[in-house]
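Keep in mind that this is a model prediction, so the values were computed, not measured. Hydrogens, waters and symmetry mates play no part in the numbers below; they use all other heavy atoms, side chains included. All residue numbers refer to positions in the sequence shown, counting from 1.
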Amino acid sequence: MGGRVAVRSGGAAVGAAHRALSWRVLPPSPEAAVLVLHGGKEHGAAPPPLLNLPGLRMVPFARAVQRGAEAAGGRSLAVGTVRYRCRGWNGDRADAARDAEAAMSELVEQLGPVPTVLIGHSMGGRAALRAAAHPCVRGVVALAPWCPQDEPTAHLEGRSVLMLHGDRDKITPPGDTDLFALRARGHGARVAGYRVLGSGHTLMRRAGDWHRAAAGLALALLDLGPLPEEVGAALALPGQAPDGQDLDGQAPDGQDLDGQAPDGLHLPLLGRR
């Protein structure tokens with residue numbers, strides 16, 4: 001990145017005039033941005049605590065993005081965090097999604113309409129996927145995302161959606177991610193997915209692989225790095241479900257459709273050698 005980099009803390013208390021966007025790295029005239037969104041709870045009206053473990057989990061992802069951008073050179077990149085008013089999604093209120101949308105509005109107010117990629121984990125993945133309707137969002141990197149089977153996907157037309165899920169996840173079913181991905185592909189999204197073998201929902205096992213992959217994919221979507229060949233091939237696949245199954249149909253218990261691995265959604269994430 002060119003120019004002096006200003007680093008701002010994300011630890012400000014939530015006040016009456018909530019600011020949904022906190023910058024970790026803000027160069028003078030950024031040409032692109034990455035926002036990270038942490039996980040939460042299904043229900044919870046209280047604000048996130050000061051010692052917010054889901055938020056801390058995302059710090060290495062933001063740092064990996066920053067390091068990757070610095071190594072790539074070229075365009076300057078802003079890196080920010082979405083701040084939630086509540087710990088929970090809270091049903092139809094979809095508080096985390098509203099905060100993500102507010103953060104995108106603040107981003108445009110401050111930086112202008114720069115291309116942006118969202119990286120979200122669990123509830124943050126769901127919020128990022130919802131906020132991808134914003135015209136500045138080029139794509140989403142969703143990590144073990146919470147994807148209920150009635151989650152909308154039509155707004156993802158024209159977006160790149162990269163979904164990474166551990167095969168040992170017991171919190172958010174990987175099969176639900178597959179179903180969401182197929183529906184999104186059917187609605188015109190460019191979709192690819194990795195299976196992180198041996199890892200679960202907390203992203204602790206193979207943490208370095210998660211960090212490197214998410215940062216590299218986000219930067220690639222912003223043309224700040226190479227896109228893996230297998231991801232490019234998956235993104236080019238047409239939107240149709242296997243064996244002609246209705247894209248709005250549901251697989252029992254969140255399993256893969258007909259027991260098959262959908263094309264381009266179970267790419268193996270290789271570890272560093």
Side-chain angles (χ1 to χ4, degrees), residues 32-35 37 94 96-98 100-101 103-105 107-108 113-120 124-165 172-195 213-214 216-251 254 256-258 260-267:
V34 172
L35 302 186
L37 299 87
R98 291 169 56 198
E101 292 162 355
M104 284 303 306
S105 295
L107 182 151
V108 173
V114 299
T116 302
V117 169
L118 307 177
I119 301 176
R126 186 180 182 184
L129 290 163
R130 286 278 187 101
H134 193 283
C136 288
V137 175
R138 180 171 292 184
V140 174
V141 180
L143 314 172
W146 174 24
C147 295
Q149 294 184 356
D150 60 352
E151 189 70 7
T153 58
H155 65 284
L156 294 171
E157 180 180 5
R159 305 296 192 273
S160 293
V161 179
L162 307 179
M163 311 185 83
L164 292 77
H165 219 125
T172 54
D176 285 357
T177 293
D178 292 342
L179 289 168
F180 179 93
L182 288 172
R183 293 198 307 273
R185 187 180 280 167
H187 282 127
R190 298 179 293 271
V191 183
Y194 280 105
R195 275 293 185 268
L217 292 169
L219 293 171
L221 293 180
L222 292 169
D223 300 322
L224 288 170
L227 189 69
E229 182 178 350
E230 67 274 15
V231 173
L235 293 178
L237 290 173
Q240 58 185 22
D243 298 329
Q245 175 155 346
D246 183 357
L247 286 168
D248 293 322
Q250 297 181 358
D256 296 336
L257 298 176
D258 299 324
Q260 302 297 316
D263 288 343
L265 299 184
H266 287 191
L267 303 172

Pairing residues for A181 by the side-chain contact (heavy atoms from CB on, under 4.5 Å) criterion, not counting sequence neighbours: M163, V191, L265

Results of side-chain contact (heavy atoms from CB on, under 4.5 Å) for A103 - residues two or more places apart only: A20, L21, L35, V82

For [X] versus [Y], what's the shortest heavy-atom pair and its separation?
X	Y	result
A100	A127	CB-O, 4.0 Å
V161	A189	CG2-CB, 4.3 Å
A132	R159	O-NE, 2.7 Å
L217	P228	CD2-CD, 4.0 Å

Derivation and outcome, side-chain contact (heavy atoms from CB on, under 4.5 Å), residues D178 and H266: CA-CA 9 Å; D178 292 342; H266 287 191; 2.9 Å; yes

Between [X] and [Y], is any pair of side-chain heavy atoms under 4.5 Å apart?
X	Y	result
L235	L227	yes
H165	P173	no
L118	M104	yes
H187	H155	no
Y194	V231	yes
T172	T177	no

All N/O donor-acceptor pairs, side-chain side in residues 133-148, below 3.5 Å, sequence neighbours left out:
unit_1: H134; atom_1: ND1; unit_2: C136; atom_2: N; d: 3.0
unit_1: R138; atom_1: NH1; unit_2: L221; atom_2: O; d: 3.2
unit_1: R138; atom_1: NH1; unit_2: D223; atom_2: OD2; d: 3.2

Whether R190 side chain and G158 backbone form a donor-acceptor pair below 3.5 Å: yes

